Amino acid sequence: MKIVLVDDEPEILTLVRDYLTREGYSVVTAANGLEGMEIIEGEKPDLVLLDWMLPGLNGLEMCKRLRETSTIPIIMLTAKSEEIDRVLGLEFGADDYIVKPFSLRELAARVKTVLRRSGGGAQETASSVIARGEISLDISSHKVLKRGQEIFLTPTEFNILHLLALRPGTVYSRLQLLRQAMGEEYLYYERSIDTHVSNLRKKIEDNPSEPKYIETVFGVGYRFGEGL
């Protein structure tokens, strides 16, 4: 699988490229945001590793632009360690967030997890298409349509929507959503599920402040609206 790594630190470019290459990935690197966008558009990679602070075009702006037309998995690499920074990265469409300095082994594990998540939903279902109200999910192609128009979701957003839409009316806690949509290793990011749900509502709801598809059950978690 092909990975594009965008970082302005030569040491990180070399170390990460060499390590992930030994892990069996094809890695293409870029040293700034504008170069990174060109490479991503040309290479059509399976995953992007993206530094936050980049010359020319920063990582958040790159993430925002990619999310306008693509569902490609994105992992942010950054020295910013505050919770607000992690939430901001997720709000701009990142699927995961790794704080520098990081271990190469941890990075490889996160890459494997995000790639696995992008290739399949939270659960198998006998039907390859789930239709709920004006929304339909094609499980095999990871496509979501609303009124016939495609909606671009991140792998995490798709998995959350898939899980909820399978059983309308069933309430899932944040931990349950994290465990099934993202994996056990993300359970300490419990509150990040709120950011993913907020992003998802903005994309699928006519009025995100009064959602009919993804409802909040206060003090518990979330459910897909019954009767849809």
Side-chain angles (χ1 to χ4, degrees), residues 63-64 67-74 83-97 113-114 116-228:
C63 193
K64 180 181 178 181
R67 281 293 168 256
E68 291 174 353
T69 58
S70 173
T71 61
I72 183 172
I74 299 172
E83 181 180 9
I84 185 62
D85 297 318
R86 185 167 67 246
V87 170
L88 187 60
L90 296 175
E91 286 180 342
F92 272 71
D95 294 279
D96 201 356
Y97 188 106
T113 297
V114 171
R116 182 178 67 244
R117 215 162 66 218
S118 69
Q123 291 180 233
E124 293 298 322
T125 178
S127 173
S128 63
V129 176
I130 299 174
R132 300 282 186 249
E134 298 174 317
I135 292 177
S136 65
L137 293 79
D138 189 319
I139 309 307
S140 60
S141 65
H142 264 227
K143 287 187 177 181
V144 176
L145 302 179
K146 181 176 181 181
R147 304 188 186 110
Q149 297 295 314
E150 184 172 359
I151 300 172
F152 293 101
L153 302 184
T154 69
T156 300
E157 291 165 357
F158 183 91
N159 286 346
I160 292 171
L161 181 60
H162 180 197
L163 178 63
L164 293 172
L166 277 174
R167 294 182 175 84
T170 299
V171 180
Y172 292 88
S173 69
R174 292 180 177 85
L175 285 176
Q176 286 176 313
L177 287 174
L178 279 170
R179 180 178 290 111
Q180 297 194 53
M182 300 179 70
E184 294 285 343
E185 59 268 49
Y186 292 88
L187 295 186
Y188 58 92
Y189 284 150
E190 181 179 356
R191 300 303 301 187
S192 71
I193 203 70
D194 296 334
T195 302
H196 289 299
V197 169
S198 176
N199 291 341
L200 184 54
R201 281 173 168 163
K202 292 174 184 176
K203 296 178 181 181
I204 69 171
E205 301 283 0
D206 290 329
N207 184 357
S209 63
E210 297 181 5
K212 68 175 183 178
Y213 289 104
I214 301 180
E215 301 174 342
T216 299
V217 180
F218 292 100
V220 183
Y222 299 98
R223 69 184 174 198
F224 199 90
E226 294 184 271
L228 294 171

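Please read these numbers as outputs of a predicted model, since none were measured by experiment. Atoms considered below: every heavy atom in the structure, side chains included; atoms not considered: hydrogens, waters and symmetry mates.
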Can you give me the closest heavy-atom contact between Arg67 and Ile72, atom names plus distance? NH2-O, 2.7 Å
Which of parallel (below 30°), tilted (30 to 60°) and perpendicular (above 60°) describes Phe158 and His142? parallel
Between Tyr213 and Ala165, is there a donor-acceptor pair closer than 3.5 Å when you use the side chain of the first and the backbone of the second? no
Please name the pair of heavy atoms, one in Pro73 and one in Val114, separated by the smallest distance, quoted to 0.1 Å. CB-CG1, 3.5 Å
Flag side-chain contact, heavy atom, 4.5 Å: Asp206 against Glu134: yes
Ser141: what forms a side chain to side chain contact (heavy atoms under 4.5 Å, CB included) with it, not counting sequence neighbours? Asp138, Lys143
Can you confirm whether Thr154 sits close enough to Ile74 that some side-chain heavy atom of one is under 4.5 Å from a side-chain heavy atom of the other? no
Qualifying salt bridge (Lys or Arg N to Asp or Glu O under 4.0 Å) pairs with a residue from residues 196-205, counting only residues at least two apart or across chains: Glu157-Lys203
Salt bridge (Lys or Arg N to Asp or Glu O under 4.0 Å) partners for Lys64, two or more places apart: none
Arg132 side chain near Leu161 side chain, heavy-atom distance below 4.5 Å: no
Would you call Ile214 and Ile204 a side-chain contact if the rule is heavy atoms closer than 4.5 Å? yes
Please report the closest heavy-atom contact between Cys63 and Gly93, naming both atoms and the distance. SG-C, 3.7 Å
Beyond-backbone contact of Ile135 with Lys146, side-chain heavy atoms, under 4.5 angstrom: yes
Under a 4.5 Å cut-off applied to non-hydrogen side-chain atoms, are Val171 and Tyr222 in contact? no
